[in-house]
Each structure stands twice: as structure tokens, then as C-alpha cells.
Amino acid sequence: MTCLYRCGNACFHEVPNTSANDYVGDVIAGALSRRSMMRAAAVVTVAAAAGASVVAAPQAHAAAGTAPAPSYQKGSKGARGLRYTPVAPNTADAVTVPDGYAQNVVIRWGEPILRGAPAFDPEKQTAAAQAGQFGYNNDFLALLPLGHGKQLLVANHEYTDEVLMFRGYDAANPTREQVEIAWAAHGLSAVVVEEDRRSGKLTAVSRHPLNRRVTATTEFRLTGPAAGSDLLKTSADPTGTKVLGTLNNCSGGTTPWGTTLHGEENFNQYFANSSRATDKRYGIGTGASERKWERFDRRFDVAQEPNEVHRFGYVVEFDPYDPTSTPRKHTALGRFKHEAATVRLTSDGRPVVYSGDDERFDYFYKFVGSKRMKKGSGRAVREHNLSLLDEGTLYVAKLTGDSPAFEIDGTGKLPADGEFDGSGEWIPLATATAKGAVSHVDGMTAEEVFVFTRLAGDKVGATKMDRPEDIQPNPVSGKVYVALTNNTNRGLTGYAAADEANPRNANKHGHVLELTERWNRPESRTFAWSLFLVAGDPADPATYFAGFPKDKVSPISCPDNVAFDPYGNLWISTDGNQLGSHDGLFGVATKGDRRGELKQFLTMPTGAETCGPVIQDRRVLVAVQHPGEITGATVENPASTWPDGPGRIVRPAVVAVWRKDGADIGV
């Protein structure tokens, strides 16, 4: 069911990247314009209301075939920030947290957050009601400061599980009302939350003036070098600058200037009836879509509106402090299946944005801005900072291993030097300036690079990765961490074999790459890299935990989202655990003699993915996404009863976790 609703069965379709990374125009020829490419004279590198308590967790039971929680030497406290008793792998239908910790549901799908929105009633749901209520399948989370014990929670709503939302749902014949409810359940939510000063508990403040919903029909502004391009014009928008809605927002990021970024990921699945070669590279189908939205809005029918699909697959910027603002889609950051968009500043104040393309054998990217962030307040400063991601250079990563090829045999066996590592370069694709844009890719114009970014990556020989998802720079060390979830096609006939950066064939557990920019400057054109973790059962010789003893770590499978605590520890959420346990959240030390010490902090309910971790001094926040998402489950026959217990509809939700004694997390 997850494959069906989240990504349109992407792993059951042909891998979109069939390139040898050296072709010139076979795929492009049928769709790209024949305008002459502008040559670059130089590469520009300037670069809630839910206060109800959680249902009592049943006793967690160990999953068959998984390791118990790791044991530690007597007197060992673990790395600072990770001093908690690790949770054992389990299959309990609950959020299971360490001993000495408590939790509460902050907000659930359907809880009213806007004035006039009714209380949630799954039997009488309407599109108008959903547009004022917290959306479905919360993923990325951000907590922004407000003061006076309040924070502003921003959440992505990635996709909808109609079969778990509507009683008697007929996938072959959805009703208009069901489709419009789904449109309203997508997008973003901003909701003020209030903290209990005696604990880490958070509760949503319903109908606060800053609360906001953004849906699949909200107006967005296209900005940057491709805005206004013929490739983005439609019958409804002949200017190519306005688009309705945002779809499949997965992970994201926050900016130093106080906005949030949201990556449009598996947007391809919402569109039907494509016949173009470029669309094949993005996985857009030739027949009807799963949700059948094209029956109710022609813009989802590629045969009728061939350019509408080009208006999705971008990084969205949202200003949560201004409820009247128009969200933006930044074309300068490229168009692909963005898992995330995380920001560092150069020493002179220019933004650098990292983003992964969540597809087997696709790439990860970096954007280096050319304009400096301004400090201060006022509309002029705000408008300047909101334009920072429209000018700069977009790069794609190429990695080279430092071990002989024969030592990388696809089993995950470490090479003779004891580490999977090497060097890399950022290859420029295109540069956007206030006066225009310049392509650095032979045979493609700048507009084509920004709209068909995957094809540009193919042409310059970028490294095919094992589903690059979240990418985060460590705020303490400056090192950048890339979560690579899995790739079971690696090494199969007709597909790329293992390489040092992706060292296992049939890679079902994934790995985490650690990248160090040259001179630790985010605008650098070269970097060093190593594999920090190679995930799986610690008893498997093919796993690696930065050299830490493997009998003292938790098993982990399918890393997805990453975050950092105040001490520089990396926190990893998983999606699709292949070890027989439910998904979870893990903390791992990145430095010192504890480097590689990985400990499980919590587990998810049945069918749920761990998303959007936020790690604060006294609180951990997670999004419990798609609970009960098990093949065959329906409203009438649920696979999970979380969070409200038997007889109540299963609901995605946000959960806060804190120490019962009120002390900081993990110290």
C-alpha cells in the first residue's frame, strides 16, 4: 500500500535512469526546444487542541529475527545527548520510547486549526472542512520560535491514503468529493503550539491567527530562471508564473532568514496519459493515474495540459510568519524528486542548499547562491531574503572511490584500507543571474537544465546513488550527511554495479554518506567523502558503524530523514525497515571515541514511517506518517488502532517525547 499511494509503485516500474551518463540527445530530442545553447564564459560559483493523552502503549514484543537492544559495558554512559536506554526492535502498535520518557500526541489529521473549521468527523468529511483542518500524512516538521512558551509548527502533508480515509472507497471510481478532500489534505500546515514549562509536552493552539493551510489548490508563484518559460506555460496560466498547489511534499528544511523549504518528491504519480520521452525520465505514466484526479481537473491529464507536470518537482519556500504571503517554487534549485532542501551559509552570507533526488540510481545536488542574506526586519529585507534562492549556480555530485575496483565486489566487504571513501566534485549545471541564465551542459539551454534537471545530470556523468534522500549539514562540525535509503536493483543485469560509494549489490538496507567540503567551505567545488554507516543487522559482516563495535549498536535499516541535536549527534529516522521490526528513530555519535555508537530512541506503530524528526534540548518531535498502511487494510478492516484505540479511525499525527524528570534529552 505504501508503494501504491506514496510513490505510485515506483519500485515496480522500470528505473527512470536508463542512461549510460554519456548520451547527447536521444531522450531529450522529442521534447526539448532547438534554441541555441548559451555558452558560459565562466562558471559562476559565487557562489492539539490535541491535548488528549496517547493510548497506553502495549508491551513491546521483540520482532522475529531481529537483535535485542544492545548491551553496554558497566559504567558506560554513552555519548552526551545519547545517554538513554535504547528501545528494543519490536512490532508493537504504539510509539515506544525509552524508560524514563513520556509522550503526547500534539496534533492529528483532521483537527481544526483555522477559524470556522468544524471538529473532525470521518463520516461527514468535506473538502471545505479539510481545508481548515490539519492535513494528512505529516512528514517534514519544523519548530520556529514565537516566544512566551509558544512555537510555530510547520508540517508537510505528503500524500493521501484514500482507502484509509473513506469508508467503502472504490479506487476505480472515486467521487469528486473524495478527490477534493484529498486535494485539501495535501500541502502544508502551520499551527501554533504551546509548551508545558514543566515538561516537554506540546499542545496545538486551534484557530490562532498564524495558523494556516496550504493545499493542492492554493496559488503559488514560480520564481527564478525558468519562471515564464514556454516550458511552464499552460492554458490556465499563459504567463508561466502561477501554479495551483504543491504535491507530495516530503522532507524539507528551515532557512536562516526564518522561512521553511519543502521538497516536492513523487509528483509524477498524480499525472496521467503521458507519451513524451522526457516524462519517462521522471516516471510519469502513459495511462490513468491511481487516484484518477485527471477525471476532475484537466491539468492532471498530460495529453490535455502537457506543461502542467513541469510545474511540479521543485523546492517550495513558505513564510510561516506571514499568513498572507504567496508561497514560491524556486526553479533555480532544479526539478526532480526533491526529498529535502537544507541550508548553510557561506562565510560571507550566501545560501548553499543541498537536496537529494529520491529515485534509484539518481543523484544529489547543491545550489550555491550569489546574493548575501540581509539581517534585520522590515518588508524590504524580507523580500530580498525571499529572492536569495533565485540567483546562483546549481551543481550535481560526482564521486570517485580511492580503492581498486576489484576490492569493491558488491558484498559490502571493506576494502584493504578499511573504509569506503574517496573524493568528489560538484559539476556545474547552470547559473542564474539577475540578467539571465547560462547553461554549462552541452546541448541544453539553461531553461532546459532547470526544468529537466535529471537529464542534465545524466549528460555530465553524475554518480548514480542508492536513493539519496535527506541531506543535512552538521551545525557543529560542518560535515554533510546524506541518507541513502536502499536500492535492490543495484548490481542486477542491466543496472549499475556496486561502486565504492554504493558498495552493496541488491542493497536493501541502505547507508549514510559523510561528506566534507574542501576547507569546510560549503561553496567549495570539491569534497572528500566516506561511508559513515552501512545499515543492516550488526551481525551481518556487510554492515559498518564508523568503526564502532557492532555488538554495541542497535540494528538499523533504510535510513531516510536525518537531523542533529545540540551536541552534533546525528539522528536518523527510517522508512521501510527490512529487519522485521517497525521503523524508528536512532541517535548516533559523529565524533570522539563514541563515533558510530548508534542507539534506537523510539519505534513506530504498525505500518507507520518515522518522519520529520526535530531534536531540541528537552524535546524530540516526530511525525507518525501513514500508520496502518498495510496492504489489504481499509477503514472497515484497519491494521492499526493508533492513536485513539479500537473503534476509532487510524490517523497520522505528530508526537512529542520528553524526559519525565524534565531534564535535557540524553544527558
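Numbers here simply count residues along the sequence, with the first being 1.
Using a 4.0 Å cut-off between a side-chain N of Lys or Arg and a carboxylate O of Asp or Glu, D357 and R467 do not qualify as a salt bridge. Salt-bridge annotation for R276 and D279: present, with a side-chain N of the basic residue lying under 4.0 Å from a carboxylate O of the acidic one. Residues E317 and R328 are not paired through a salt bridge, judged by the lack of any N-O separation under 4.0 Å between the basic side chain and the carboxylate. For D237 and K242, the salt-bridge test fails: no basic side-chain N is under 4.0 Å from an acidic carboxylate O. Look at R299 and E305 and you find no salt bridge, because none of the NZ, NE, NH1 or NH2 atoms lies under 4.0 Å from a carboxylate O. Salt bridge present: E195 and R619 bring a charged side-chain N and a carboxylate O closer than 4.0 Å. Salt bridge annotation for E294-K292: absent, with no cationic side-chain nitrogen under 4.0 angstrom from a carboxylate oxygen. Salt-bridge annotation for K337 and E359: present, with a side-chain N of the basic residue lying under 4.0 Å from a carboxylate O of the acidic one. Using a 4.0 Å cut-off between charged nitrogen and carboxylate oxygen, R295 and D301 do not count as a salt-bridge pair.
No side-chain heavy atom of I649 sits under 4.5 Å from any side-chain heavy atom of M165. Contact check for F134 versus V654: side-chain heavy atoms found under the 4.5 Å cut-off.
Atom CD of Q133 is separated from atom OG of S189 by 10.0 Å, given to the nearest 0.5 angstrom.
Ring geometry for F267 against Y282 counts as tilted: the plane angle lies between 30° and 60°, on a 0 to 90° scale.
When each of R291, Q178, R176 is checked for a side chain to side chain contact (heavy atoms under 4.5 Å, CB included) with F296, only R176 meets the rule.
In this structure, F271 has its ring center under 6.0 Å from that of F312. A distance below 6.0 Å separates the ring centres of F336 and Y365. With ring centers used as reference points, F450 lies 6.0 Å or more from H310. Between Y314 and H338, the distance from one ring center to the other does not fall under 6.0 angstrom. Residues H626 and Y136 place their aromatic rings such that the two centres sit no closer than 6.0 Å. Ring centers of F367 and H330: at least 6.0 Å apart, outside the cut-off. Taking the ring centroids of H582 and W642, they lie at or beyond the 6.0 Å cut-off.
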Legend entry - Test ring pair (Phe, Tyr, Trp, His ring centres under 6.0 Å) applied to H157 and W183, step by step: CA-CA 11 Å; H157 300 295; W183 291 344; over 10 Å; no
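At distances below 3.5 Å, not a single donor-acceptor pair connects side-chain atoms of N211 with backbone N or O atoms of S206.
At most 12 heavy atoms of other shown residues, nucleotides or ligands fall within 6.0 angstrom of atom CZ in R648.
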